[in-house]
Colleague: 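Quick one: the structure is below, and I'll ask about it shortly.
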Amino acid sequence: MSETGTQADAGTADEDAVRGRARGSAPVPLSVLDLVTVGSGSTASRSLATSVAISRLAERRGYHRHWVAEHHSMPGVASSSPAVILAHLAAHTSRIRLGSGGVMLPNHAPLVIAEQFGTLEALAPGRIDLGLGRAPGTDGATAAALRRTDRLNEGADDFPEQLSELTRFLDDSFPDGHPYARIHAVPGPVQGPKGRPPVWLLGSSGFSARLAGLLGLPFAFAHHFSARNTIPALDLYRQSFRPSEVLAEPYALIGVAALAADEDAEARRQVLTGAVSMLRLRTGRPGLVPTPEEAEAAERGFSPAEREFVGDWLGNIVHGTPDEVRAGLDGLQKRTGADELMITANAHGGEARLRSYELIADAYGLPEAESPAS
């Protein structure tokens, strides 16, 4: 594999640490959100191998970044350890930005996250993003097990304090007299001048939108599961925004559930698997993502309430032929004014997900770059 730093510099010379560049005919940069889904009959090992394949495809086709999301105690996902997965992806890519979408900060000591992402930055200089959320990424009992406490620190006071502590560890900037003034996150600035991952705030409501604006940070909104809050949250972010050393103007991306297939009916079959998986999760029956055949069999036996839930869920997924998906993504970007679209393709099998990202790249005429030798 080529020297990571050299390749990273070559791939991002025309971009800053936050803002991407639209390629092909895409209205804004396109990126990937990966839940590392595990399908019925498959394994976590195969799902992680698919994530590597997606990251390499995304790099080759000009997607801007590839993020993985922290989830716990969910059989249908294998992304409980974002930092570990990102290190693996960094070893198999050389240009694409990699990051967390996100790390659920209240689950962790800020020093631990600073050292994990300082290590990632040392492994892949200039390519790492640190996206942070304040939800647990799981149910309350699992969150209590993670944190070894029944008190879940997600309040308005706790998260900003945790964020401030993490930022000071990343910058090695605790003032003299602070209890942590002599503690250094390593790898980190104490070892010499170096870059550090840009911090993003993630949200599905207004809290993180406002905080990101007040701090002048980039903001990522979970449109893929909180669509009704998207425009109000983005408006709040933009209204609250104060210029900072990080950003002179607001920069917001939205997570979008989208899947393209060669035929409309096949796209519907694939996204149904994710919808049925979510229905089972929301009704206390989590499991592996069902096959299209299993999902269709389940659909035939839906109650009216289940049918309504799945219908609403599918209504928020941009799916169909490549041209239909392109039109849907274009329309969503116009309605929201999002600066970047981060696409999550949830389906049972890796082949359908890979095919979707390829078809979307084709629909926008994204350039095809030669993959560096590994």
Side-chain angles (χ1 to χ4, degrees), residues 7-8 10-34 53-67 93-99 101 127 129 218-221 223-224 227 230-231 234 238 247 249-264 266-268 270-271 315-347 351-372:
Q7 290 291 341
T12 59
D14 58 345
E15 297 157 0
D16 62 29
V18 173
R19 295 177 179 274
R21 176 168 58 89
R23 292 178 167 87
S25 60
V28 294
L30 302 181
S31 293
V32 172
L33 175 62
D34 189 357
I54 289 173
S55 202
R56 290 177 68 85
L57 182 154
E59 178 171 89
R60 174 173 56 84
R61 294 308 310 269
Y63 287 87
H64 182 53
R65 62 184 106 231
H66 181 173
W67 282 4
T93 58
S94 60
R95 294 185 301 271
I96 192 168
R97 295 195 68 87
L98 301 169
R127 292 206 290 139
D129 298 323
F219 178 57
F221 187 81
H223 173 83
H224 54 296
T230 303
I231 291 177
L234 294 183
R238 292 164 183 145
L247 287 174
E249 298 176 345
Y251 190 86
L253 69 75
I254 59 173
V256 184
L259 189 136
D262 294 292
E263 297 181 357
D264 185 75
E266 179 59 20
R268 205 269 180 187
Q270 294 296 336
V271 296
N316 192 42
I317 302 175
V318 181
H319 63 283
T321 64
D323 287 343
E324 290 171 331
V325 170
R326 173 177 171 162
L329 293 176
D330 286 349
L332 179 61
Q333 192 280 324
K334 288 180 181 177
R335 291 195 302 276
T336 62
D339 299 296
E340 186 172 332
L341 299 178
M342 179 165 276
I343 300 168
T344 181
N346 293 330
E351 290 185 5
R353 296 167 66 208
L354 283 160
R355 179 64 175 158
S356 177
Y357 287 119
E358 192 85 71
L359 289 173
I360 292 172
D362 288 344
Y364 281 110
L366 300 192
E368 184 154 359
E370 181 180 350
S371 296

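For clarity, every value in this text was computed on a predicted model and none was experimentally measured.
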Colleague: Please step through side chain to side chain contact (heavy atoms under 4.5 Å, CB included) for the pair R21 and H64, ending with a clear verdict.
Modeller: CA-CA 8 Å; R21 176 168 58 89; H64 182 53; over 6 Å; no
Colleague: Could you pull out the closest heavy-atom pair between A258 and V325, with the gap in Å?
Modeller: CB-CG1, 4.4 Å
Colleague: List the residues meeting salt bridge (Lys or Arg N to Asp or Glu O under 4.0 Å) with D339, not counting sequence neighbours, and say none if there are none.
Modeller: none
Colleague: Return the set of residues passing salt bridge (Lys or Arg N to Asp or Glu O under 4.0 Å) with D323 (not counting sequence neighbours), or none when no residue passes.
Modeller: none
Colleague: If the condition is side-chain hydrogen bond (donor to acceptor under 3.5 Å, both in side chains), which residues does N346 pass it with, not counting sequence neighbours?
Modeller: T344
Colleague: Among residues at least two apart in sequence or on other chains, which ones pass ring-ring contact (aromatic ring centres under 6.0 Å, His included) with F221?
Modeller: none
Colleague: Please answer whether the main-chain N or O of V18 pairs with a side-chain N or O of R65 as donor and acceptor at a distance below 3.5 Å.
Modeller: yes
Colleague: Identify the two heavy atoms, one from G24 and one from P367, that lie closest to each other, and give their separation to 0.1 Å.
Modeller: N-CD, 4.2 Å
Colleague: Which residues pass the side-chain contact (heavy atoms from CB on, under 4.5 Å) test with A352, sequence neighbours left out?
Modeller: Q270, A347
Colleague: Within this structure, what is the CD1-CE distance for the pair I254 and M342, rounded to the nearest 0.5 Å?
Modeller: 11.5 Å
Colleague: What is the distance from atom NE2 of H319 to atom CG of L259, rounded to the nearest 0.5 Å?
Modeller: 9.0 Å
Colleague: Who passes salt bridge (Lys or Arg N to Asp or Glu O under 4.0 Å) against D34, sequence neighbours left out?
Modeller: R353
Colleague: Using the side chain to side chain contact (heavy atoms under 4.5 Å, CB included) rule, take Y63 and I360 through it: C-alpha gap first, then chi angles, then the decisive distance, then the call.
Modeller: CA-CA 10 Å; Y63 287 87; I360 292 172; 3.7 Å; yes
Colleague: Locate the shortest heavy-atom distance separating S55 from I96; write the atom from each residue and the value.
Modeller: OG-CG2, 4.1 Å
Colleague: If you define the side chain from C-beta out and look only at heavy atoms, does anything of L253 sit under 4.5 Å from S31?
Modeller: no
Colleague: Kindly write out the residues that satisfy side-chain hydrogen bond (donor to acceptor under 3.5 Å, both in side chains) with T230, not counting sequence neighbours, or none if the list is empty.
Modeller: H223
Colleague: Atom CD1 in I54, atom CG in L57: separation rounded to 0.5 Å?
Modeller: 8.0 Å
Colleague: For Y251, what residues pass the side-chain hydrogen bond (donor to acceptor under 3.5 Å, both in side chains) criterion, not counting sequence neighbours?
Modeller: E340
Colleague: Can you run down the salt bridge (charged side-chain N to carboxylate O under 4.0 Å, His left out) pairs that involve residues 252-262, sequence neighbours left out, and say none if there aren't any?
Modeller: D262-R355
Colleague: To check you understand the geometry: which heavy-atom pair defines the closest contact between R95 and A369, and what is its length?
Modeller: NH2-CB, 3.9 Å
Colleague: Taking all non-hydrogen atoms of both residues into account, name the closest pair between A345 and S356 and its distance.
Modeller: CB-OG, 4.4 Å
Colleague: Tell me every residue that passes side-chain contact (heavy atoms from CB on, under 4.5 Å) with E324, counting only those two or more places apart in sequence or in another chain.
Modeller: D264, T321
Colleague: Quick check for you: to the nearest 0.5 Å, what is the distance between D330 atom CG and R335 atom CZ?
Modeller: 10.5 Å
Colleague: Show the nearest heavy-atom pair for residues P322 and A363, with the distance to one decimal.
Modeller: O-CB, 3.9 Å
Colleague: For the atom pair CH2 (W67) and CG (L33), what is the distance rounded to the nearest 0.5 Å?
Modeller: 8.5 Å
Colleague: How long is the span from the CG atom in L341 to the OG1 atom in T336, to the nearest 0.5 Å?
Modeller: 6.5 Å
Colleague: Sequence neighbours left out, what passes side-chain hydrogen bond (donor to acceptor under 3.5 Å, both in side chains) with D362? Give chain and number order.
Modeller: R61
Colleague: Are any side-chain N or O atoms of Y364 and backbone N or O atoms of R326, one a donor and one an acceptor, separated by less than 3.5 Å?
Modeller: yes
Colleague: Is the shortest heavy-atom distance from the side chain of T93 to the side chain of R56 under 4.5 Å?
Modeller: yes
Colleague: Quick check: do E358 and R60 have side-chain heavy atoms less than 4.5 Å from each other?
Modeller: yes
Colleague: Taking only residues two or more places apart in sequence, or in another chain, which ones meet E266 in a salt bridge (Lys or Arg N to Asp or Glu O under 4.0 Å)?
Modeller: R269
